[in-house]
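Written below as structure tokens is the structure these notes are about.
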Amino acid sequence: MRIVRSIAELREARAALGALAFVPTMGNLHAGHVSLVALARTRAPRVAVSIFVNRLQFAPSEDFERYPRTFEDDCARLRAAGVDLLFAPDETVLYPQPQTYIVQPPAIAEELEGAFRPRFFHGVATVVLKLFNCVQPQVAAFGMKDYQQLMIVRNMTAQFDLPIEILAGETVREPDGLAMSSRNNYLSAAERAEAPRLHAQLAMVRDAIRGGVRDVEALARGAAQALHGAGWTPDYVSVRRRADLAVASDADGPGRLVVLGAAKLGATRLIDNLEI
Ligand code: PAF
């Protein structure tokens, strides 16, 4: 695996690779990332990964400084996964000047995650566009765990006519249902034992809708209350249409819906979702 740090080195290395699939990450890689690499590999002979903790998508109160940085372990995982090229720029490479040109995502970016993480998707869309310009992949893979991010990246790619196919990777879970996430590392032992409740509550909403219950708002409210009762601070539990993440109505049935949730457990904010 070749590791490049500058855009010039990246362009030189990329030119020799031909058709390329790309997995952008912020590092601290786990089995979820490795599954995205495997998915990417099904679509192109070569795979590139980026590791860049993107300050633009963190609010000042968030965990940018303490976000886990585990570069050597990440490289070992990527080598084992057969990755061809790793782009690992630092901030002076990707943001040599303050980034004043920012992608303005549509109104849906102010809902769900965006309602609790102001300008999060401005930061995500801007860095993804920059990474796409630098890496110039034919295919890029994003995890379904970040469902809203996946939708926003997919729509941005389409609206800017970028010749990149966006692939969606299934969420990889621990045996107890907890979605794999770099932020799981922040959990204490007691919190880790409690953490699968988020998935369990979303699964209850999913199963109730599959079973014919149509009052989706009451179901979502019930799930948020159950989390609250177990000591969580829920930000949202919401049933949305998969296509555009618009609020679901009672007339929407299974096959077109997704339930999304985010909640704090102690100081750690976890998100998850399940298609219905
Ligand atoms: O999902 C992530 O890890 C990040 O949001 C991404 C897509 C790498 C952009 O920084």
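All values derive from a computational prediction rather than experimental measurement. Order of listing sets the numbers, starting from 1, for every ligand and every atom in it.
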Exercise. Which one of D176, T268, N184 satisfies the side chain to side chain donor-acceptor pair (under 3.5 Å) criterion with R192?
Worked result: D176
Exercise. Applying a 4.0 Å heavy-atom criterion (strictly less than), which segment of T25 is in contact with ligand 1: side chain, backbone, both, or neither?
Worked result: backbone
Seminar exercise, completed: Ranked by distance from atom 9 (C) of ligand 1, the top protein heavy atom is Q57 OE1, 3.4 Å
Seminar exercise, completed: Numbered in order shown, the ligand 1 atoms found under 4.0 Å of a heavy atom of V127 are 9 (C), 10 (O)
For this session: For R197 and A193, indicate whether the former's side chain and the latter's backbone hold a donor-acceptor pair under 3.5 Å.
Result: no
Exercise. Can S238 and R240 be counted as having a side-chain donor-acceptor contact under 3.5 angstrom?
Worked result: yes
Seminar exercise, completed: Paired with F52, the ring-ring contact (aromatic ring centres under 6.0 Å, His included) test is passed by just one of F64, Y95, F71, Y67, namely Y95
Exercise. What atoms of ligand 1 come within less than 4.0 Å of a heavy atom belonging to Q149?
Worked result: 1 (O), 2 (C), 4 (C), 5 (O), 7 (C)
